[in-house]
Amino acid sequence: STLTNPDTNNIDTYYIILSMFDIAGNNTIDTVCFYFANDSVIPKIEYFNENSASKLKKIGDIIVFTMKAKPYGNALLSIGTIHNDIKMFDDGGVEKLSGDTTANDGIYSLLYIIQKGDDINNGQVTGKFISKTGIKASDTLTSTLLNIDATSPEIANIGVEPNPVNPYIQ
């Protein structure tokens, strides 16, 4: 058997190549992939950003969040005090709102659609990452503040003057 790591970008993944011979000399080769949990390595968020550029967002607008960290982990984001621990995806676009293009490359994405009640003014967005082995990276903030006006205007005191409107109605 042979232990190899052909993927230098993913240092925690190893392959065992087994070559077995029976008594008659028949050969079978099989490969087993396994994840080696190196608990001494603290994961790092390489970057975390969003595409709003501090511009005011409204109901129905989409904000794209992107984080680069280690593959096979759990990436989360929190928007100020209005939403905590929203899951980001590294699934190649399987999830409808993932926005991700390549699975398991360590680039996590989320297409967030602004909904009623998402109001925030100069809010911080925090990125969080936990490795597959449960080790937490230091939280990271986006470089821009988020501004969302997700409150629909109210219509009140509707009236028409003069009353009645139709002069032929007495």
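Heavy atoms only: backbone and side chains are in, while hydrogens, waters and symmetry mates are out. Because the structure is a prediction, the values reported are computed rather than measured. One is the number of the first residue; the rest follow in order along the sequence.
In summary, the side chains of Asp91 and Ser98 do present a donor paired with an acceptor at a separation below 3.5 Å, with no hydrogens or angles considered. Checked by atom type, the side-chain pair Asp119/Thr151 shows a donor-acceptor distance below 3.5 Å. Side-chain polar atoms of Gln124 and Thr142 form no donor-acceptor pair below 3.5 angstrom.
Heavy-atom contacts from other residues, nucleotides or ligands closer than 6.0 Å to NZ of Lys87 number more than 12. The neighbour count for Lys136 NZ, taken as heavy atoms of other residues, nucleotides or ligands under 6.0 Å away, is above 12.
With hydrogens and angles ignored, the 3.5 Å screen pairs a side-chain donor or acceptor of Asp100 with a backbone N or O of Gly92. Asp90 places a side-chain N or O within 3.5 Å of a backbone atom of Gly106 that can act as its donor or acceptor partner. The main-chain N or O of Val64 is found under 3.5 Å from a side-chain atom of Asn51 such that the two form a donor-acceptor pair. For the pair Asn147 (side chain) and Asn122 (backbone), a donor-acceptor distance under 3.5 Å is present.
Nearest heavy-atom pair, Ile45 versus Ala69, reported as atom, atom and distance to 0.1 Å: CA-CB, 4.5 Å. Contact between Gln115 and Ala150 at its shortest, heavy atoms only, is O-CB, 3.2 Å. Across all their heavy atoms, Asp61 and Leu56 have their closest contact at OD2-O, 4.4 Å. When all heavy atoms of Pro43 and Ala137 are compared, the pair lying nearest together is O-CB, 3.2 Å. Nearest heavy atom pair, residue Lys132 against residue Tyr72, reads CB-O, 3.3 Å. When all heavy atoms of Asp118 and Ile82 are compared, the pair lying nearest together is O-CD1, 3.4 Å.
For Tyr108 and Phe65, the distance between ring centers is not under 6.0 angstrom.
The pair Lys128-Asp85 meets the salt-bridge criterion, with a side-chain N (NZ, NE, NH1 or NH2) lying under 4.0 Å from an Asp/Glu carboxylate O.
Distance OG1/Thr140 to NZ/Lys44: 9.5 Å, rounded to 0.5 Å. Expressed to the nearest 0.5 Å, how far CD1 of Ile86 lies from CE of Met88 amounts to 9.5 Å. A distance of 13.5 Å separates CD1 in Ile62 from OG in Ser52, rounded to the nearest 0.5 Å. For the atom pair CG (Asn74) and OG (Ser131), the distance works out to 10.0 Å, reported to the nearest 0.5 Å.
Val94 has its side chain out of reach of Phe89: every pair of non-hydrogen atoms, C-beta onward, lies at least 4.5 Å apart. Using a 4.5 Å heavy-atom threshold, the side chains of Phe129 and Met67 count as touching. Residues Ile59 and Ser152 are in side-chain contact: their nearest non-hydrogen atoms beyond the backbone lie under 4.5 Å apart. At least one side-chain heavy atom of Ile63 sits under 4.5 Å from a side-chain heavy atom of Ile114. For the pair Glu50/Leu146, a side-chain contact is recorded, criterion being any heavy-atom separation below 4.5 Å from C-beta on.
There is no path of hydrophobic side-chain contacts, each under 4.5 Å, that joins Val125 to Ile107.
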